[in-house]
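The next block holds one structure in the form of structure tokens; read it before the comments.
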Number of protein chains: 2
Amino acid sequence: MINSELDTTDIEILKLLQRDASLTNKEISFKLHKSIATIHERVKRLKEQGYIQRVVAILNRKKINRSLIAFSQVLLNDHTADTLNTFEQEVIKFDEVMECFQMTGTFDFILRIATSDMEAYHSFYRNKLATLPNITTVQSFFVLSETKSDTAYPL
Amino acid sequence: MINSELDTTDIEILKLLQRDASLTNKEISFKLHKSIATIHERVKRLKEQGYIQRVVAILNRKKINRSLIAFSQVLLNDHTADTLNTFEQEVIKFDEVMECFQMTGTFDFILRIATSDMEAYHSFYRNKLATLPNITTVQSFFVLSETKSDTAYPL
DNA sequence: GCCAATACCGAATTTTATTCGCTTAAAGCA
DNA sequence: TGCTTTAAGCGAATAAAATTCGGTATTGGC
């Protein structure tokens with residue numbers, strides 16, 4: 001394969017590894033009717049070319065005391081590069097902040113916050129988030145139930 | 001270890017595997033100054049006890065044509081169990097829906113939608129999401145930039 | 001002091017990953 | 001058509017990793 005185009009085998013490999021990256025090449029080769037060497041070569045290339053960014057362990061957040069997920073929408077006072085950069089640089093330092101996106105629309109950022117409970121969220125909000133400069137408003141929404149949460153893109 | 005409590009070694013293993021699950025037991029044993037057999041035993045237990053839910057490959061979404069991420073906030077007409085269940089069951093069938101959370105607050109669900117571009121989002125919205133019954137409003141916000149996006153919980 | 005339980009380890013074994021040389025299929029071209 | 005080049009694919013050999021197992025050391029209870 002010269003470059004960048006994915007064929008059916010590549011796509012099937014990516015589908016499998018998105019679901020379970022602990023599959024062995026032998027198992028994959030059996031499912032896709034290819035040799036172990038071929039699968040090995042394919043996976044190696046998919047990593048080298050950056051399709052597979054990394055392989056990670058997904059933890060059960062309830063077992064490590066992160067039962068509460070909040071989405072917090074943040075609006076800043078102004079939108080100078082300096083204000084935006086400062087906010088980003090500071091907010092991502094907080095352990096509770098799993099994700100930070102700058103957004104289009106009526107607010108500037110959306111944060112995904114993981115804490116143990118509402119008390120911990122409150123503490124994060126008062127002692128960390130709200131201390132950052134140039135914040136106009138923060139609106140928080142809490143996850144009642146997780147219907148779907150997937151890291152695997154359909155291919 | 002009798003049950004469920006994590007000691008320092010467990011926590012260090014989880015930290016490492018959250019970042020890079022392709023680390024070998026040998027590499028981990030070197031970092032943590034334990035034997036390979038001990039690391040093997042620990043990791044096995046962490047999986048069995050459900051701390052490690054699964055091991056997955058994280059793909060570069062830009063390389064697989066999922067450049068646009070949207071958060072869509074959905075408000076339903078009513079909140080009967082039936083309406084809620086139907087919405088959940090149907091919306092998670094759409095390929096574009098990576099996450100679906102029922103939320104507290106002024107709307108009912110927040111969806112994370114991954115599409116190739118705005119046109120694809122529009123098509124998803126018109127032909128899929130908006131066809132579901134009992135939707136009052138949908139408000140969509142688009143990701144301009146991803147400052148932080150992490151699957152690893154600090155421990 | 002003795003016993004039981006547990007964490008830990010080294011070494012042996014099994015399984016997997018990785019390498020390499022060969023074969024086959026396809027594409028370009030005279 | 002027949003020749004050449006290129007790349008995908010493969011099996012077998014090798015290297016590395018996972019897994020198993022028996023034994024030691026430590027700790028806490030009695």
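Letters go in sequence order (proteins before strands), and every chain restarts at 1. Keep in mind that the numbers below use all heavy atoms, side chains included, and drop hydrogens, waters and symmetry copies.
- Remark: A/S29 engages no residue in a side chain to side chain donor-acceptor pair (under 3.5 Å) (not counting sequence neighbours).
- Remark: B/K15 pairs with B/E12 by the salt bridge (Lys or Arg N to Asp or Glu O under 4.0 Å) rule, at least two apart or across chains.
- Atom C1' of nucleotide C/dT18 and atom CZ of A/R45 are separated by 17 Å, given to the nearest angstrom.
- If you measure from atom CG of B/L17 to atom C1' of D/dA18, you get 14 Å, rounded to the nearest angstrom.
- A/T136 meets the side-chain contact (heavy atoms from CB on, under 4.5 Å) test with A/L75, A/N77; sequence neighbours excluded.
- Listed by residue number, the members of residues 21-40 of chain A with any heavy atom below 4.0 angstrom from DNA chain C are A/T24, A/N25, A/K26, A/I36, A/A37, A/H40.
- For B/Y153, the ring-ring contact (aromatic ring centres under 6.0 Å, His included) criterion is met by no residue, not counting sequence neighbours.
- B/I92 meets the side-chain contact (heavy atoms from CB on, under 4.5 Å) test with A/T147, A/K148, B/C100; sequence neighbours excluded.
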